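Below is one structure, written out as structure tokens; the observations come after it.
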Amino acid sequence: MRILLIEDSTRLRELISETVRDIGWKIDAFATAELGRSALEDQDYDLVLLDLGLPDEDGIDVLKSMRDAKMQTPVLVLTARGAVDERIVGLDAGADDYLTKPFHNGELIARIRALMRRAPATLMPVLEYGSLQMDVASRRVMCADTEIGLAPSEKELLELLMRNGGKVVAKAKIEHAFSEFGDERSTNAVELAVSRLRKKLDGHPSGTAIETIRGVGYMIRELLD
């Protein structure tokens, strides 16, 4: 899962980013509405964490523009504006949930997971392919009622392949999906993740295989009986 954080407090950006990465999710964090808007144009996100008191624009305007553009991405508003009428304004503008500062990191993660469970079907909070199931919010991967232990990079790879089941995913796209802004992953890292993921899936009756399309990328496909 990839999250966009738009928050002007440097310290809070760092704390939230660390908390989210510890779960195994990706996060891109920006301090201004302008940078956040640019990120939304360049990247698909599973969820947006949005501060309202931004230095260049009110977060409510960012939220309204997202909904005007028909973006269904869940938005969790993070703000010091705790008055009931201000929360109502945010919810009416299209926010999916509201968390008042200061908050506990555990509650933030719980709210994110809850939003992903309620996400539109098009966002596929639970992915299924063959006998594999991945809960995007909890990052759990199951096969025949057995959980498969995967490293964060392996989960990122499997999620991307499952979202494109039966289609070739370019190696460059996988490298980009692995990365965060300013932290590019190498081709070797992708190949290593593919190799490790194959070995772990081979130990379970997943009914799937990961194929290498030389010079192009990788794909997951269902095995024929």
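This one's a predicted model, so the numbers in the text were calculated from it and none came from an experiment.
- Val168 and Ile210 fall into different hydrophobic clusters, where Ile, Leu, Val, Met, Phe, Trp and Tyr side chains are chained together by heavy-atom contacts under 4.5 Å.
- Leu150 and Met142 end up in different hydrophobic clusters when Ile, Leu, Val, Met, Phe, Trp and Tyr side chains are linked at under 4.5 Å.
- With hydrogens and angles left out, the side-chain atoms of Arg221 and Thr208 include no donor and acceptor closer than 3.5 Å.
- Salt bridge present: Glu156 and Arg139 bring a charged side-chain N and a carboxylate O closer than 4.0 Å.
- The closest side-chain heavy-atom distance from Leu40 to Val48 is below 4.5 Å.
- For the side-chain contact (heavy atoms from CB on, under 4.5 Å) with Val75, the lone residue among Leu115, Leu50, Val62, Asp97 that qualifies is Leu50.
- Looking only at side-chain heavy atoms (C-beta outward), Thr79 and Tyr98 come within less than 4.5 Å of each other.
- Taking the charged nitrogens against the carboxylate oxygens, Glu41 and Arg37 have no contact shorter than 4.0 Å, which rules out a salt bridge.
- Contact of the Leu132 side chain with the Ile220 side chain is registered, since non-hydrogen atoms from C-beta on lie closer than 4.5 Å.
- With sequence neighbours left out, Lys101 forms a salt bridge (Lys or Arg N to Asp or Glu O under 4.0 Å) with Glu7, Asp51.
- Contact of the Leu197 side chain with the Lys155 side chain is not registered, since no non-hydrogen atoms from C-beta on lie closer than 4.5 Å.
- Taking a cutoff of 4.0 Å between a charged side-chain nitrogen and a carboxylate oxygen, Arg163 and Asp46 qualify as a salt bridge.
- Side-chain N or O atoms of Ser195 include none that pairs as donor or acceptor with a backbone N or O of Glu191 at under 3.5 Å.
- With 3.5 Å as the limit, one finds no donor-acceptor pair spanning the side chains of Arg67 and Thr73.
- Both Leu127 and Met116 are assigned to one and the same hydrophobic cluster, defined by single-linkage of ILVMFWY side chains at heavy-atom distances under 4.5 Å.
- The closest side-chain heavy-atom distance from Cys143 to Gln133 is not below 4.5 Å.
- Between Arg2 and Trp25, every side-chain heavy-atom pair lies at or beyond the 4.5 Å cut-off.
- A continuous path of Ile, Leu, Val, Met, Phe, Trp and Tyr side chains, each step under 4.5 Å between heavy atoms, connects Ile109 with Ile27, placing both in one hydrophobic cluster.
- Looking only at side-chain heavy atoms (C-beta outward), Arg196 and Leu192 come within less than 4.5 Å of each other.
- Side-chain contact between Met219 and Leu161 is absent, with no heavy atoms from C-beta onward closer than 4.5 Å.
- Clustering ILVMFWY residues whenever any of their side-chain heavy atoms sit less than 4.5 angstrom apart, transitively, puts Phe103 in the very cluster that holds Ile3.
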